[in-house]
Amino acid sequence: MKKNILIVEDEMIIALDIKNTLEKNNFNVIGISNSHKQTIVKINDSLNSRMGIDLILMDINISGPTDGIQSCNIIYQKYKIPIIFLSAHKEEDTLEMIKDSYAKAYFTKPIKYEELLISIHFTINKNFENYTINKKEKVELKNCFSFNLEKKSLYHDNKEILLTRKEKKIIYLLCKNKNNYVSYESLFSFVWEKDRININKIRGSIFRIKRKIPFLEIANSKECGYKLE
């Protein structure tokens with residue numbers, strides 16, 4: 001399932017460049033706003049439509065009397081939507097205000113998209129873990145497999161299969177998103193956290209899981225990532 005991102009940026013050329021990059025990386029950009037007031041309207045519209053917003057990318061210099069830092073603090077306190085700042089500002093006083101804000105991360109322009117994408121996946125996954133999306137402790141899988149979400153343990157015919165820490169995290173995330181593809185970027189940021197993204201690490205780990213547990217059906221799509229059914 002694609003994650004929904006709102007862009008808050010008053011320079012349309014930059015906003016469209018960000019939108020294009022996000023959509024190429026399997027995100028859904030639900031809109032672009034250029035002010036705090038417009039952002040609140042879009043948030044409320046998304047809630048009314050039950051679409052929701054998983055993350056906001058926000059410039060510090062936005063139109064209107066409320067700047068990006070003030071907007072960030074108001075939005076997070078009311079809606080608990082994670083926010084990442086994008087700005088050309090590097091002044092010490094601005095950086096201090098950012099540190100005291102509710103922002104999850106800060107990137108200076110020009111944007112290094114590879115680093116930003118890793119941060120987006122990491123932030124969304126961390127935020128995702130803070131909510132009880134699936135109250136079921138046990139996830140039933142094909143071929144008599146099951147996974148205990150609380151213990152992060154995989155079972156076959158009620159017999160536990162020994163897994164490494166990374167293998168547990170991979171299967172945990174796939175089970176939390178059962179029947180839906182999890183992107184390479186999401187898997188990498190969840191399992192390897194702040195390491196520089198390396199698709200071969202993911203493929204190597206999945207290969208070892210399949211070799212260890214050949215009847216655990218992990219589907220792969222070059223475009224979408226991996227899923228468990």
Exercise. Ignoring hydrogens and geometry, is there a side-chain-to-backbone donor-acceptor pair from K169 to F190 under 3.5 Å?
Worked result: yes

Exercise. Under the side-chain hydrogen bond (donor to acceptor under 3.5 Å, both in side chains) test, which residues partner S186, sequence neighbours left out?
Worked result: H121, S183

Problem set entry | Test item: S71 side-chain N/O and G68 main-chain N/O as donor-acceptor pair under 3.5 Å | no

Exercise. Are any of the side-chain heavy atoms of K2 and N26 separated by less than 4.5 Å?
Worked result: yes

Seminar exercise, completed: Residues at least two apart in sequence or cross-chain that pass ring pair (Phe, Tyr, Trp, His ring centres under 6.0 Å) with F107, listed by chain then number, are none

Seminar exercise, completed: To the nearest 0.5 Å, atom CD1 of I170 lies from atom OG of S205 at 4.5 Å

Problem set entry | Cluster overlap I171 with Y181, hydrophobic side-chain contacts below 4.5 Å | no

For this session: Flag the pair S46 / N4 as yes when at least one side-chain heavy-atom distance between them is below 4.5 Å, and no otherwise.
Result: no

Problem set entry | Qualifying residues under side-chain contact (heavy atoms from CB on, under 4.5 Å), relative to K166, sequence neighbours excluded | T164, V191, W192

For this session: Look at the side-chain heavy atoms of Ile, Leu, Val, Met, Phe, Trp and Tyr, link any pair under 4.5 Å apart, and say whether L22 and I111 land in one connected group.
Result: yes

Tabulate below the donor-acceptor pairs under 3.5 Å that side-chain atoms of residues 6-17 make, not counting sequence neighbours, or state none.
from, atom 1, to, atom 2, distance (Å)
E9, OE1, K109, NZ, 2.7
E9, OE2, E11, N, 3.0
D17, OD2, Y113, OH, 2.7

For this session: Output all residues satisfying salt bridge (Lys or Arg N to Asp or Glu O under 4.0 Å) with K42, sequence neighbours left out; order by chain, then residue number.
Result: none

Exercise. Is it true that K138 and E140 make a salt bridge, defined as a side-chain N closer than 4.0 Å to a carboxylate O?
Worked result: yes

Exercise. Say you draw a straight line from OH of Y155 to CG of L141; how long is it, rounded to the nearest 0.5 Å?
Worked result: 13.0 Å

For this session: Only counting residues at least two apart or in another chain, list the ones meeting side-chain hydrogen bond (donor to acceptor under 3.5 Å, both in side chains) with K142.
Result: E229

For this session: Could I get the full list of salt bridge (Lys or Arg N to Asp or Glu O under 4.0 Å) partners for K151, not counting sequence neighbours?
Result: none

For this session: Report yes if some heavy atom in the side chain of N143 is under 4.5 Å from a heavy atom in the side chain of L216; otherwise report no.
Result: no

Problem set entry | Heavy-atom side-chain contact between L163 and I213 under 4.5 Å | yes

Exercise. Among the clusters formed by ILVMFWY side chains lying less than 4.5 Å apart, do V41 and I32 turn up in the same one?
Worked result: no

Seminar exercise, completed: Sorted by chain and number, sequence neighbours left out, salt bridge (Lys or Arg N to Asp or Glu O under 4.0 Å) with E23 holds for K19

Exercise. Y226: what forms a side-chain hydrogen bond (donor to acceptor under 3.5 Å, both in side chains) with it, not counting sequence neighbours?
Worked result: none

Exercise. Do any pairs count as a salt bridge (charged side-chain N to carboxylate O under 4.0 Å, His left out) and have a residue in residues 68-79, sequence neighbours left out, and if so which ones?
Worked result: none

Seminar exercise, completed: Residues passing the side-chain hydrogen bond (donor to acceptor under 3.5 Å, both in side chains) test with E185, sequence neighbours excluded, are none

Exercise. Sequence neighbours excluded, which residues qualify as salt bridge (Lys or Arg N to Asp or Glu O under 4.0 Å) partners of K201?
Worked result: D195

Exercise. Honestly, is K3 close enough over F27, meaning NZ or CZ under 6.0 Å from the six-membered ring centre and within 45° of the axis?
Worked result: no

Exercise. To the nearest 0.5 Å, how far apart are OG in S146 and CG in L154?
Worked result: 7.0 Å

